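Notes to accompany the following structure.
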Amino acid sequence: MPAIVIVGAQWGDEGKGKATDLLGGRVDYVVKPNGGNNAGHTVVVGGEKYELKLLPAGILSPNVVPVIGNGVVVNLEALFDEIDGLNARGADTSQLRISANSHLVAPYHQVMDKVTERFLGKRAIGTTGRGIGPAYMDKVARLGIRAQDLFDESILRQKVEGSLRQKNELLVKVYNRRDIGVDEIVDYFLSFAERLRPMIVDSSLLLNDALDENKVVLLEGGQATFLDVDHGTYPFVTSSNPTAGGASVGSGIGPTRISRVVGIVKAYTTRVGAGPFPTELFDDMGEYLQKTGGEFGVNTGRPRRCGWYDSVLARYASRVNGFTDYFLTKLDVLTGLDRIPVCVAYDVDGIRHDEMPITQTDFHHAEPIFEYFDGWTEDITKARTFEDLPGNAQSYIRALEKLSGTRFSAIGVGPDREQTIVLHDLITG
Ligand code: GDP
Ligand code: IMO
Ligand code: MG
């Protein structure tokens with residue numbers, strides 16, 4: 001069987017966790033290919049709510065092997081806290097496997113994240129403060145500590161020394177903070193080594209073998225297209241590649257083995273942290289979407305900025321990811337609105353743009369051009385087929401689909417796994 005990728009199509013929190021969970025019963029492996037504990041996925045199973053940060057949402061499905069890929073940056077303290085929390089609620093995490101090549105988030109990465117944000121002042125990114133950017137910086141600078149380093153103390157010590165030498169200079173001389181001792185960090189890492197050891201694998205080998213055996217592998221991307229360091233609204237992005245290509249790199253599964261790429265897109269738009277957001281609402285409507293949609297971050301508790309659906313973003317996401325399907329989530333949140341605006345293009349300094357402007361400057365000046373659709377008042381949370389939806393909801397979906405560049409294969413009408421309308425099978429197409 002080929003692999004399937006799930007990708008956020010906007011700025012995150014589209015409901016990727018729910019989509020993974022929905023497919024959980026039909027897949028054998030769920031892999032997290034990028035990001036770290038900056039993610040926050042809420043999954044509701046039979047009324048029970050789970051909040052996942054570092055672990056892929058597939059961990060909640062029995063018989064699924066959850067895998068943390070080489071592209072992830074792992075905070076071991078957060079990892080074991082999350083595992084313990086799930087175990088206390090009766091979830092089985094014993095199958096979890098972690099790539100030997102995944103990088104580790106060190107306490108100094110979190111310190112660097114906070115001090116660099118403070119230093120940026122007005123230009124701060126609004127990161128989650130989890131040390132994600134600095135951990136990826138070390139990876140690319142070839143100063144990172146990988147999971148496998150915990151099993152060779154002398155190598156670990158050398159690497160920690162190498163990484164801290166430069167950071168301590170910065171911390172003390174630039175940021176006016178105390179320096180960090182090598183022993184402190186080595187001891188911190190070693191305290192997790194024995195618990196980590198049985199989980200460590202060559203995840204590329206494991207997953208390719210599984211594909212050879214006809215198993216179904218789901219790659220659950222963290223973050224989203226517009227937070228991608230290459231394709232997103234740089235510099236207001238995360239430091240990994242949450243787009244579909246990143247899922248291949250971050251798991252060691254070649255692109256030829258991926259058959260479906262499913263974009264998860266909310267029926268409106270949200271964003272946490274700083275950066276441009278053309279359809280953002282600053283009035284009561286923004287507050288209404290925030291309240292009705294429960295738009296508060298799982299990870300940091302920050303309120304999410306809210307705005308209308310932006311089909312320019314959706315077309316761009318379709319293209320850079322090569323989506324085969326869209327999963328439209330949170331349609332139920334729009335119930336009760338008289339009319340629903342949808343951004344179809346931008347006005348940039350008097351010129352119409354049907355596609356994303358090329359430059360950051362133009363995107364910052366983009367004003368949405370809206371089309372308006374009639375709303376509906378009927379409760380749609382119990383709809384399970386397209387025909388169960390009111391006519392206006394059907395028209396809204398069909399209009400969005402036409403504007404978004406990829407067919408809509410599933411519609412979310414509530415947070416629960418069951419509250420989904422499936423139009424095309426997300427695994428077989
Ligand atoms: P993720 O980071 O992409 O996994 O998304 P989050 O979990 O951060 O945010 C999505 C939120 O929307 C969660 O609270 C989900 O339980 C909820 N959710 C997902 N799909 C739907 C839906 O179709 N309707 C409603 N009302 N809530 C949904
Ligand atoms: P999920 O997987 C929403 C945002 C942060 C910040 C920027 C950089 O739940 O969709 P970072 O800590 O990654 O360096 O922060 O990226 N961000 C997210 N926003 N959902 C997420 O994950 C996010 N992960 C990072 O708010 O703007
Ligand atoms: Mg989230």
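Remember, it's a predicted structure, so these values are computed and weren't measured experimentally. Heads up: numbering here begins at 1 and tracks the sequence. As the structure lists them, so they are numbered: ligands from 1, and atoms in each ligand from 1. Atom set for the values below is all heavy atoms of this structure, side chains included, hydrogens, waters and symmetry mates excluded.
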**Q.** Carboxylate-amine/guanidinium proximity below 4.0 Å for Arg178 and Glu184
**A.**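 Salt bridge present between Arg178 and Glu184.
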Indicate the ring-plane relationship of [X] and [Y], choosing parallel, tilted or perpendicular according to the 30° and 60° boundaries.
X      : Y      : result
Trp376 : Tyr396 : tilted
Tyr188 : Phe192 : perpendicular
Trp11  : Phe277 : tilted
Phe408 : Tyr326 : perpendicular

(Q) Does Lys53 form a salt bridge (Lys or Arg N to Asp or Glu O under 4.0 Å) with Asp81? I'd like the steps, not just the answer. (A) CA-CA 11 Å; Lys53 288 171 186 151; Asp81 275 356; over 6 Å; no
Judging by distance only, is a nitrogen or oxygen of [X] under 3.5 angstrom from one on ligand 2?
X      : answer
Gly40  : yes
Thr128 : yes
Ala274 : no
Gln223 : yes
Asp13  : yes
Arg130 : no

Q: Give every protein N, O or S atom lying under 2.8 Å from the Mg ion (ligand 3), naming each by residue and atom.
A: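 Near the Mg ion (ligand 3), below 2.8 Å, one finds Asp13 OD1, Gly40 O.
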**Q.** Side-chain touch Val237/Asp228, heavy atoms, less than 4.5 angstrom
**A.**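 Heavy-atom side-chain distance check fails, nothing below 4.5 Å.
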Q: With the side chain counted from C-beta on, respond yes when Gln10 and Val265 share a heavy-atom pair under 4.5 Å apart, and no when they do not.
A: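 Sidechains of Val265 and Gln10: in contact.
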Option nearest [atom] (shortest heavy-atom distance, choices [options]):
atom                    : options                       : result
atom 1 (P) of ligand 1  : Glu220, His41, Lys266         : His41
atom 25 (C) of ligand 1 : Ile411, Thr381, Asp332, Asp13 : Asp332
atom 28 (C) of ligand 1 : Glu51, Lys53, Lys330, Lys16   : Lys330
atom 8 (O) of ligand 1  : Gly40, Ala19, Gly17, Gly15    : Gly40

Which residue and non-hydrogen atom of the protein lie closest to [atom], and at what distance in Å?
atom                    : answer
atom 27 (O) of ligand 2 : Val272 O, 3.1 Å
atom 13 (O) of ligand 2 : Thr238 OG1, 2.6 Å
atom 15 (C) of ligand 1 : Thr42 O, 3.8 Å
atom 15 (O) of ligand 2 : Thr127 CA, 3.3 Å
atom 16 (O) of ligand 2 : Leu227 CD2, 3.5 Å

Under 4.0 Å to a heavy atom of [X] - the qualifying atoms of ligand 2, by number:
X      : result
Gly222 : 2 (O)
Gly126 : 5 (C), 6 (C), 26 (O), 27 (O)
Trp11  : 3 (C), 19 (N)
Lys16  : 1 (P), 2 (O), 10 (O)
Gly273 : 27 (O)

Q) Is there a donor-acceptor pair closer than 3.5 Å between any side-chain N or O of Lys16 and the backbone N or O of Val7? A)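 Such a contact is absent between Lys16 side chain and Val7 backbone.
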Please state which part of [X] comes within less than 4.0 Å of ligand 2, counting heavy atoms only: side chain, backbone, both or neither.
X      : answer
Phe236 : neither
Arg302 : side chain
Val237 : backbone

**Q.** Smallest separation among heavy atoms of Ala147 and Ile200, with atom names
**A.**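 So the two residues come closest at CB-CD1, 3.8 Å.
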Q: Report yes or no: is the cationic atom of Arg398 (NZ for Lys, CZ for Arg) under 6.0 Å from the centre of the six-membered ring of Phe386, at an angle within 45° of the ring normal?
A: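 Judged by the rule (NZ or CZ under 6.0 Å from the ring centre, within 45° of its axis), Arg398 counts as positioned above Phe386.
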Q: Using the salt bridge (Lys or Arg N to Asp or Glu O under 4.0 Å) rule, take Arg260 and Asp325 through it: C-alpha gap first, then chi angles, then the decisive distance, then the call.
A: CA-CA 8 Å; Arg260 309 212 70 76; Asp325 307 85; 3.1 Å; yes
Q) Does atom CZ of Phe296 have more than 12 heavy-atom neighbours from other groups under 6.0 Å away? A)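 Yes, CZ of Phe296 has more than 12 neighbouring heavy atoms, counting only those of other groups under 6.0 Å.
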Q: Give the numbers and elements of all ligand 1 atoms closer than 4.0 Å to a heavy atom of Gly412.
A: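 So the answer, numbered in order with elements, is 23 (O).
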To the nearest 0.5 angstrom, please state how far the [atom1] atom of [X] sits from the [atom2] atom of [Y].
X      : Y      : atom1 : atom2 : result
Lys159 : Ile185 : NZ    : CD1   : 16.0 Å
Arg146 : Leu104 : CZ    : CG    : 10.0 Å
Leu60  : Leu55  : CG    : CG    : 9.0 Å
Lys173 : Asp179 : NZ    : CG    : 10.5 Å
Thr270 : Glu280 : OG1   : CD    : 10.5 Å
Ser99  : Met199 : OG    : CE    : 14.0 Å

(Q) Tell me the contacting part of Lys18 for ligand 1: side chain, backbone, both, or neither, using a 4.0 Å heavy-atom threshold, strictly below. (A)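 Near ligand 1, Lys18 shows its side chain, while the N, CA, C and O stay back.
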Q. Under a 4.0 Å heavy-atom limit, does Val413 contact ligand 1 with its side chain, its backbone, both, or neither?
A.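 For Val413, the contact with ligand 1 is made by the backbone alone.
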Q) Any heavy atom of Gly414 sitting closer than 4.0 Å to ligand 1? A)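 Flag set, Gly414 near ligand 1.
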Q.
I'd like to know if Arg304 contacts ligand 1, where contact means a heavy-atom distance under 4.0 Å to any ligand atom.
A.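 Checking ligand 1 against Arg304, which is what was asked, there is a heavy-atom contact under 4.0 Å.
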Q) Knowing that exactly one of Leu334, Thr279, Asp310 qualifies, which makes a side chain to side chain contact (heavy atoms under 4.5 Å, CB included) with Tyr268? A)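 The single option meeting the side chain to side chain contact (heavy atoms under 4.5 Å, CB included) with Tyr268 is Leu334.
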